Amino acid sequence: MKVAIASDHGGYQHKEAIKNHLDELGIEYKDFGTDSPDSVDYPDYARPVSEAVTSGEYDRGILICGTGIGMSIAANKVKGVRCALVHDVFTAQVTRQHNDSNVLAMGQRVIGEGLALLIVETWLKGEFEGGRHQARIDKITALEDAYGRH
Ligand code: RB5
């Protein structure tokens with residue numbers, strides 16, 4: 001399991017905490033920035049993480065901004081990304097089981113560090129159930145292909 005992780009200034013502290021937690025879990029990761037709490041633009045960080053995942057170089061992506069919303073919108077523009085905006089443990093689990101989400105977005109201004117770490121751990125361990133859910137993902141891919149032409 002290789003994880004690509006990034007944040008803007010609004011998610012910088014949680015990103016650093018998540019990196020420490022990944023170290024504790026023995027999970028390999030690459031930090032795509034940002035490197036300080038100075039103001040930056042979240043799409044500049046959503047893009048490299050998303051592309052690192054869709055290229056197959058990394059298995060999963062984690063993105064943190066103030067709300068998680070900007071990061072999730074930007075990530076979901078990249079073909080092949082299924083980014084889930086998650087702020088509770090239930091949806092962290094179910095989005096893996098049902099959506100096979102490959103990128104996780106969270107908001108540092110929405111949830112505390114402890115919950116963010118639990119969500120990360122739950123999401124990374126969660127397994128896709130396939131079956132009827134695969135058929136639905138195939139429909140998302142078809143939608144992406146249809147609009148990708150324009
Ligand atoms: C930055 O102030 C903030 O807009 C950003 O972190 C994020 O919340 C955007 O969705």
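Keep in mind that this is a model prediction, so the values were computed, not measured. Counting starts at 1 for both ligands and their atoms, following the listed order. Only heavy atoms go into these numbers, but all of them, side chains included; no hydrogens, no water, no symmetry mates.
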Atom pairs and distances, ligand 1 N/O vs protein N/O under 3.5 Å:
{"unit_1": "ligand 1", "atom_1": "2 (O)", "unit_2": "Arg109", "atom_2": "NH1", "d": "3.4"}
{"unit_1": "ligand 1", "atom_1": "6 (O)", "unit_2": "Asp8", "atom_2": "OD1", "d": "3.4"}
{"unit_1": "ligand 1", "atom_1": "6 (O)", "unit_2": "Asp8", "atom_2": "OD2", "d": "2.6"}
{"unit_1": "ligand 1", "atom_1": "6 (O)", "unit_2": "Gly66", "atom_2": "N", "d": "2.8"}
{"unit_1": "ligand 1", "atom_1": "8 (O)", "unit_2": "Gly66", "atom_2": "N", "d": "3.3"}
{"unit_1": "ligand 1", "atom_1": "8 (O)", "unit_2": "Thr67", "atom_2": "N", "d": "2.9"}
{"unit_1": "ligand 1", "atom_1": "8 (O)", "unit_2": "Thr67", "atom_2": "OG1", "d": "3.1"}
{"unit_1": "ligand 1", "atom_1": "10 (O)", "unit_2": "Thr67", "atom_2": "OG1", "d": "3.2"}
{"unit_1": "ligand 1", "atom_1": "10 (O)", "unit_2": "Gly70", "atom_2": "N", "d": "2.8"}

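For Lys79, the salt bridge (Lys or Arg N to Asp or Glu O under 4.0 Å) partners two or more places apart in sequence, or in a different chain, are Asp145. Residues that satisfy the side chain to side chain donor-acceptor pair (under 3.5 Å) test with Glu113, not counting sequence neighbours, are absent from this structure. His21 is linked by a ring-ring contact (aromatic ring centres under 6.0 Å, His included) to nothing, counting only residues two or more places apart in sequence or in another chain.
A salt bridge links Asp100 to Arg96: one of the charged nitrogens lies within less than 4.0 Å of a carboxylate oxygen.
With contacts defined as side-chain heavy-atom distances shorter than 4.5 Å, the pair His98/Ile137 does not qualify.
Between the side chains of Asp138 and Thr141, not a single donor N or O lies within less than 3.5 Å of an accepting N or O.
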